[in-house]
Structures are given as C-alpha cells and as structure tokens.
Amino acid sequence: MPSPNATLTGAPGSDPSPAPLPRLWFRGRGDILLSESDGSPAAAPDDWAREAVARAEDVFSMRPQSLPVGRLPGADPALPPPGCLWGTYRTLLGSGSPWGPVAGRALGLLNWRRQTRFCGCCGAPMAEHPVEIARQCTACGNVVWPDVSPAVIVRVERPDGKILLARHAYRDRDIYACIAGHVDTGETAEECVHREVREETGLEVDSVRYRGSQHWPFPNQLMLAFTARCVSGTIRVQESELLEAAWFDPARLPPTPSPGSVAHRLIHGLF
Ligand SMILES: [Zn+2]
C-alpha cells in the first residue's frame, strides 16, 4: 500500500488518456472506498474506476500531493469492486491510519467544490485556478479559496468532577456529546464558548482553556476544543438544539462519540 503522499500514475496499458483515475473514492457525505484486507483507501481496478468517473459528481487532482480524488452521488448503486467495501471517513480516522488526515482534506475540498460551482458575484460557472488551490469565475475573474468554518466544542466540568454531556436534536440522537457551536461574526472563540454553553444549557462557565483543534469535514469545520468550569446556573436546555443535557461521572459514561472525533478526545481527557 503506497503512503498517503505517494504520487500516483494514470492507467497503464493501452489507455491513451494521461489523466490518472481517482485514488480516493468517496460516495455521498462521507463513505470512502476501503480495502477489506487492511482498511486503507482501496486501489480500485481501472475498469471499475473508469465507469465510476462517468457517474461521478466531481473528480479532481488534490494538490499539492497530486492525489486523484472522486465522489459518486450518495444514491449511486455501484457495488464496490472485489476486495473493497464502502466504509466511513469516521472509521478511517478512528483507526489511526495515516490516510485519515489526507482523506479529511479530500472530503473537505469535495464539499467546498460542490458549494462553489457558480460565482457568488455574477453567477457564472467557476473553473480551476491555473496556479492556486482555488476556483476562478469564468466571466468576472473572481477567485475563491477553500473556506474553513471555525466552531468550538467544550468539555464543561463541575467542581465534583462530573462533566456535562448532551443529546443533540439534529445529529446522532442516541449519543451524548459535548456542547458545540459555530463562532459568530465578530466573536472570539472564548466568547463563543461562554455564549454556546449559556444559550444551550443556561449555565455560566469560567476557566475557559484551549486544548487543541481538529479538521472536521462535515462540511468544513475547524473544531477548536476547550475545557471550562461550571460556576453557576441550573441546566435548562435550548429545545431547538438539545434533547437532553445532564452531568455524568467520567467513570460511568453513556454512549459517546466514537474514537477519531474531537469530542471523543475531549470527553475521555485525551487532549
Ligand atoms: Zn463572476
């Protein structure tokens, strides 16, 4: 299995096209083609890849690695090629594979490209920028670079050591996770921590400490991880965001996000 940074060549043999066939295949929001044998991104046979290219919603060469990337629609009926399966990006990341960050960048760029098909200034189609990792308007020349959306995620702790976890209304409703939210315009990350905890649970915190960050391509977040201490308030959930919030003993946790996620690292004190 080549390393994530290996430059891959095009199809061998009689194929006259010099264009490489995609090496990282995605489907829908986050499925990725993996090898059944070792769980690494799978090298699909050329005949399978050629047919997939014809149905793909996007195919491009990810710079600076020159790594071919493609994505099939979520409803694509294609069976994986022999020896491969459709896994998830989360599974790959949780395995600790060196491909995890590379696949995360690819998925983030796929999401960005889907959202920048047309110019936000004049509405004309966008095309590849000849030099930059960017897209350029074919009519007015407007250039757009990949965007990243900062979001905070916070482990709130009580003086007795219990931590605040919540079930979210719009995602993974049976999983207890940390309070999180997007940084607002004009706001610092620390101010966002105070606001999100207050809005979603009615609690006040202090001792807000930055712990680390992680790219999260659903679709393009940079997750900024914090810890904080609860100083006052009684839990009162914002029902539009949360189903439930409660304090938990770290030694007796409910179902929490899987390894590989920033929430997992925060909840289990791995930062
Ligand atoms: Zn334009």
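For ligands, and for the atoms within them, numbers begin at 1 and follow the listed sequence. Since we're looking at a predicted model, the values are computed, not measured.
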Donor-acceptor contacts, no H, no angles, side chain residues 264-271, under 3.5 Å, sequence neighbours left out:
{"residue": "His264", "atom": "ND1", "partner": "Pro257", "partner atom": "O", "Å": "3.2"}
{"residue": "Arg265", "atom": "NH1", "partner": "Gln214", "partner atom": "OE1", "Å": "3.1"}

List nothing but the number: protein N/O/S atoms under 2.8 Å from the Zn ion (ligand 1).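 Atoms of protein N, O or S type lying less than 2.8 Å from the Zn ion (ligand 1) total 4.
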
Count I, L, V, M, F, W, Y as connected when their side-chain heavy atoms are under 4.5 Å apart, and connections chain through other members. Are Ile153 and Tyr176 then in the same cluster?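 Shared cluster, no.
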
Transitively linked via ILVMFWY side-chain contacts under 4.5 Å: Phe226 with Val205? yes

Using the salt bridge (charged side-chain N to carboxylate O under 4.0 Å, His left out) rule, pick out the option among Arg117, Arg27, Arg113, Arg71 that qualifies with Asp58.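 Testing Asp58 for a salt bridge (charged side-chain N to carboxylate O under 4.0 Å, His left out) against Arg117, Arg27, Arg113, Arg71 leaves exactly one candidate, Arg113.
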
Can a donor-acceptor pair be found between the side chains of Glu241 and Tyr170 at a distance below 3.5 Å?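 Distance-only check fails for Glu241 and Tyr170.
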
Below 30° counts as parallel, above 60° as perpendicular, anything between as tilted: where do the rings of Trp48 and Trp86 land?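 Because their plane-to-plane angle lies in the 30° to 60° range, the rings of Trp48 and Trp86 count as tilted.
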
